[in-house]
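Encoded as structure tokens, the structure appears first; notes follow it.
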Amino acid sequence: MARNGAPSSAATSTPLDFEPYNDPKNPKILTFYPTMVQFKDFEKYILYMETRNAHLGGIAKIVPPKEWKPRKSGSYTDVDDIVISGPIQQDVRQTSNRGAYDVRNQEVESMTVRELRRHALDKNLVYSFAEEMDEIERNFWKQLSINPPIYGADSSGTLFDEDCTVWNIAKLDSKLNAIGMAVPGVNTPYLYFGMWRAFFGWHTEDLDLYSINYIHDGAAKFWYAVAPKDGRRFERLAASLFPANYKQCNSFLRHKSTLISHSVIRSSGIPFDRIMQHEGEIIITFPYAYHAGFNCGLNVAESTNFATERWIEYGKYAAHCKCEPDNVKIDMSIFVEKYQPDLLASWLDGTLRGSHPEDERTTTKRPPTSGPWS
Ligand SMILES: O=C(O)c1ccc(O)c2ncc(N3CCNCC3)cc12
């Protein structure tokens, strides 16, 4: 596989043909291999990926340069004593529609990572014994409603060395810093202690933000993604499969407790893609990218959200879940004031006419006001 990365200063102005590039009409999940020089500037590399249309596929994988060290020791033997405050037992219930499942995330008592791993051992959830992607996928969907996994998810904390200054998820420099205060899990890091079949349901990020996910140690994570351009179609499919949920909350996917199998999505004609994220690899989810997935065995990942200027139009018009009071709320006027000052008055008095960038009726999109090549 050719190595891909941002055009070096010596490169010609036109991108080299072996670099990944997405066809807007049939976008896929792309994989990037930045060099350490290209990796140093976080936001610039994200913007570079978007010049290759990475965002059109919904999510993208980055294989970091081998010189990148989130932990000088490279060891994770010290995590066993971490206490996971609210592990969840993931009880899955089949609905009247085949391939559509409701999830009850039942919080269980706090436990250490060691105890969580002991549980996985006792329940034969240490590892998916299949190796091949299609077989792992078949086994996940076949075993969904039995032997519920426990997921040590959404646990505040970081496993990056304090002095790691490159792509440190606990210290990313992004436009989200304009918030100026900590919003747990959004601009602070969460750890996810997974086991075989521990999963995450279909959702876009809070306020349709970007997210970054890094597997520090252990088994792979299997991802599904739908292109942002097909997000509204996906929401209509979900509403048709879960009419009662939709009636109760028209943003019920934000509850992150909805599973729809790949075979149902395939039958709907909505395009989607899949990718395996291995230990040491990064997944970026782009604004308004519906994604879901599961862990292939014991692992620990770290994740947070971030923003670029291109996200602001998504954040301004992101749908909000009305029924879960503790849902993330960010005052978008902070971003309008800082990055779209000419629109602030009409934003604040509600006269600004705008719509979500992926609304089918949206034809012209506000061009980025700045970027590495503007
Ligand atoms: O599990 C992951 O690696 C994961 C990856 C990417 C995401 O956007 C996630 N969003 C939410 C989420 N959960 C865990 C289960 N409880 C609800 C929230 C997990 C993830």
Side-chain angles (χ1 to χ4, degrees), residues 29 58-62 84-92 101-108 116 120 125 128 140 144 148-159 169 183-226 228 231 234 251-259 274-307 311 314 318 321 324 326-328:
I29 300 172
I59 72 175
K61 175 153 84 167
I62 297 169
I84 305 162
S85 56
I88 50 174
Q89 178 173 298
Q90 298 186 298
D91 298 312
V92 177
Y101 307 87
D102 260 328
V103 177
R104 188 166 59 92
N105 285 322
Q106 165 92 22
E107 192 163 319
V108 296
L116 182 78
L125 289 169
S128 145
F140 172 76
L144 205 48
I150 290 184
Y151 200 179
D154 311 312
S155 179
S156 286
T158 180
L159 293 179
I169 289 176
V183 181
V186 172
N187 57 9
T188 67
Y190 269 177
L191 295 173
Y192 293 82
F193 297 94
M195 61 179 68
W196 163 226
R197 295 179 39 229
F199 62 83
F200 47 106
W202 282 100
H203 68 288
T204 61
E205 295 301 301
D206 295 324
L207 282 146
D208 295 344
L209 279 160
Y210 293 76
S211 74
I212 177 171
N213 185 297
Y214 173 65
I215 299 181
H216 281 282
D217 188 46
K221 215 179 272 280
F222 189 117
W223 293 73
Y224 294 101
V226 168
F234 185 78
S251 296
F252 72 94
L253 290 173
R254 289 208 182 277
H255 306 165
K256 302 178 189 173
S257 54
T258 303
L259 278 176
R274 326 171 300 172
I275 196 163
M276 288 285 261
Q277 173 196 16
H278 298 96
E279 178 186 282
E281 297 178 342
I282 291 170
I283 290 284
I284 298 292
T285 75
F286 293 93
Y288 194 61
Y290 274 100
H291 55 283
F294 56 88
N295 296 294
C296 300
L298 288 174
N299 62 10
V300 53
E302 184 167 339
S303 177
T304 197
N305 292 112
F306 67 92
W311 159 76
Y314 289 84
C321 158
E324 299 202 328
D326 62 348
N327 251 15
V328 169

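Note that this is a predicted model, so its numbers are computed, not measured. Counting starts at 1 for both ligands and their atoms, in listed order. Any value given below was found using the heavy atoms of this structure, including those in side chains, with hydrogens, waters and symmetry copies removed.
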If you take the nearest heavy atom of each of H291, E302, K256, which one is closest to atom 8 (O) of ligand 1?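 Among H291, E302, K256, the closest heavy atom to atom 8 (O) of ligand 1 belongs to H291.
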Compute the shortest N/O to N/O distance between [X] and ligand 1 and return yes if it is under 3.5 Å, no if not.
{"X": "E205", "result": "yes"}
{"X": "N105", "result": "no"}
{"X": "K221", "result": "yes"}
{"X": "H203", "result": "yes"}

Spatial distance of atom [atom1] ([X]) from atom [atom2] ([Y]) [nearest 0.5 Å]:
{"X": "I275", "Y": "I283", "atom1": "CD1", "atom2": "CD1", "answer": "5.0 Å"}
{"X": "F222", "Y": "S128", "atom1": "CZ", "atom2": "OG", "answer": "10.0 Å"}
{"X": "L125", "Y": "R197", "atom1": "CG", "atom2": "CZ", "answer": "5.5 Å"}
{"X": "W196", "Y": "C296", "atom1": "CH2", "atom2": "SG", "answer": "6.0 Å"}
{"X": "I29", "Y": "I59", "atom1": "CD1", "atom2": "CD1", "answer": "4.0 Å"}

Can you list the atoms of ligand 1 that are under 4.0 Å from a heavy atom of [X]?
{"X": "Y151", "answer": "1 (O), 2 (C), 3 (O), 14 (C)"}
{"X": "N213", "answer": "3 (O), 5 (C)"}
{"X": "I88", "answer": "15 (C), 16 (N)"}
{"X": "W223", "answer": "5 (C), 6 (C)"}
{"X": "A153", "answer": "14 (C), 15 (C)"}

Strictly by modelled atom types, are Y151 and N105 linked by a side-chain donor-acceptor pair under 3.5 Å?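 The answer is no; no qualifying pair exists.
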Are any non-hydrogen side-chain atoms of T304 and Y190 less than 4.5 angstrom apart?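 Counting from C-beta outward, T304 and Y190 never come under 4.5 Å.
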Does ligand 1 have an atom under 4.0 Å from some heavy atom of F294?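 It does not; every heavy atom stays at 4.0 Å or beyond.
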Could you tell me if any non-hydrogen atom of T285 lies under 4.0 Å from any atom of ligand 1?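 The answer is no, since T285 has no heavy atom less than 4.0 Å from ligand 1.
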To which protein heavy atom is atom 13 (N) of ligand 1 closest, and what is the distance rounded to 0.1 Å?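 Ranking protein heavy atoms by distance from atom 13 (N) of ligand 1, first comes D154 OD1, 3.9 Å.
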Y290 and ring pair (Phe, Tyr, Trp, His ring centres under 6.0 Å): which partner among F200, W202, Y224, F234?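 By the ring pair (Phe, Tyr, Trp, His ring centres under 6.0 Å) criterion, Y290 pairs with just one of F200, W202, Y224, F234: F234.
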Check for a donor-acceptor pair, side chain of S211 on one end and backbone N or O of N305 on the other, with a separation under 3.5 Å.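 No, S211 side chain to N305 backbone: no donor-acceptor pair under 3.5 Å.
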